[in-house]
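Computed from a predicted model, the values in this text were never measured in an experiment.
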Amino acid sequence: MIHRYDQGGVLGMSDWSVALIAAGSAVAGSLVTGWFTRSAGYRQAEAARHAGNRQADAMIATVQATVDEQRSARLSGQRRQAYVQFLQAAETVRAGHEAADNPGGGPGPSEADTAALQYALATVKLESAAEAAAGYRINEVAERFATLARHYDVHAYRDARQAFLDEAHAAILRIAQRGPAPL
C-alpha cells in the first residue's frame, strides 16, 4: 500500500525511508564536516602557536642584537676615552720635557703629570686586557710609548706615538667587527 501526498498527505513506508536516509545523511555529513573542521582548527592553532614561537624567537634575537650593539658601542667609547686620556697624559709629560730642554725652560714634567701618565697607562692596560690576551700588541706599544714620554726622545717618541695610534685604531675596529666579548 503506497500513499502519496495527493492521496490525503500521508507518507508511505518508502517515503519515510527516503526521509530518514536523507536526515541520516545530513547528520552524518555534518558530523564528518565538523570532525574535519575541528581537526583543521587544531592544525591552525598549532601552526599559529608555532608561528608565535618563531615570532617571539625573532623578537628576542632582535633585542639581543640591539643590546649587543649598544654594549659594543659603549665598550668602544670607554676604550676610546681611555686611549685619549693616555695620549693627553703622554703629551703633557712630553711638553714638560720639551719645556725643560729649552733655554730658560721649566723644571720638566711634574710628578703629578707623570703619575697621571702612569694612571692612564694602567687604564689602557685594563681596557685592552682581552686584546693582549688575544696576542695583540696594544699594551706593549702603550708601555713603550709611556716610557718614551717619560724619557723624552723626539724621534722615538713620534714613532711610538704613531704605533700606539695604529694599535688603538685597530683595537677599536676589532670591537666593532666582532662585537662585545662575552661577560
Report task. Flag the pair Q118 / R150 as yes when at least one side-chain heavy-atom distance between them is below 4.5 Å, and no otherwise. Result -> yes
Requested in this report: Ignoring hydrogens and angles, tell me if any N or O in the side chain of R94 forms a donor-acceptor pair with the backbone of A149 under 3.5 Å.
Outcome: no
Requested in this report: Answer yes or no: is there a side-chain heavy-atom contact under 4.5 Å between L31 and W35?
Outcome: no
Report task. Answer whether the closest heavy-atom distance between the side chains of N139 and V124 falls below 4.5 Å. Result -> yes
**Report entry** Gap separating the CD1 atom of I172 from the CD atom of E127, nearest 0.5 angstrom
**Finding:** 10.0 Å
Query raised in the report: Looking only at heavy atoms, what is the nearest atom pair of A146 and L117, with distance?
Result: O-CD2, 3.8 Å
Query raised in the report: Between Q88 and V84, is any pair of side-chain heavy atoms under 4.5 Å apart?
Result: yes
Query raised in the report: Which heavy-atom pair separates R79 from S128 by the least distance, and what is that distance?
Result: NH2-CA, 4.0 Å
**Report entry** Criterion side chain to side chain contact (heavy atoms under 4.5 Å, CB included) on Q70 and T66, from CA distance to verdict
**Finding:** CA-CA 6 Å; Q70 289 171 345; T66 301; 3.9 Å; yes
Report summary line: So NE2 of H169 and CZ of R174: to nearest 0.5 Å the spacing works out to 11.0 Å
Requested in this report: Would you sort out whether R43 and E46 count as a salt bridge (charged side-chain N to carboxylate O under 4.0 Å, His left out), showing the intermediate values?
Outcome: CA-CA 5 Å; R43 283 192 304 270; E46 185 59 33; over 6 Å; no
Query raised in the report: Which pairs count as ring pair (Phe, Tyr, Trp, His ring centres under 6.0 Å) when at least one residue sits in residues 39-83, sequence neighbours excluded?
Result: Y83-F164
Query raised in the report: Would you call K125 and E143 a side-chain contact if the rule is heavy atoms closer than 4.5 Å?
Result: yes
Requested in this report: List in chain and number order the residues that pass side chain to side chain contact (heavy atoms under 4.5 Å, CB included) with L165, two or more places apart in sequence or in another chain; answer none if no residue qualifies.
Outcome: L87, R161, Q162
Query raised in the report: Which atom names give the shortest non-hydrogen contact between A142 and F86, and what distance separates them?
Result: O-CZ, 3.3 Å
Can you give me every donor-acceptor pair (side chain of residues 103-115, partner residue at least two apart or in another chain, under 3.5 Å) with its distance?
from : atom 1 : to   : atom 2 : distance (Å)
S110 : OG     : A112 : N      : 3.4
S110 : OG     : D113 : N      : 3.0
S110 : OG     : D113 : OD2    : 3.2
T114 : OG1    : S110 : O      : 3.1

Query raised in the report: Is there a path from V93 to L148 through hydrophobic residues (I, L, V, M, F, W, Y) whose side chains come within less than 4.5 Å of each other?
Result: no
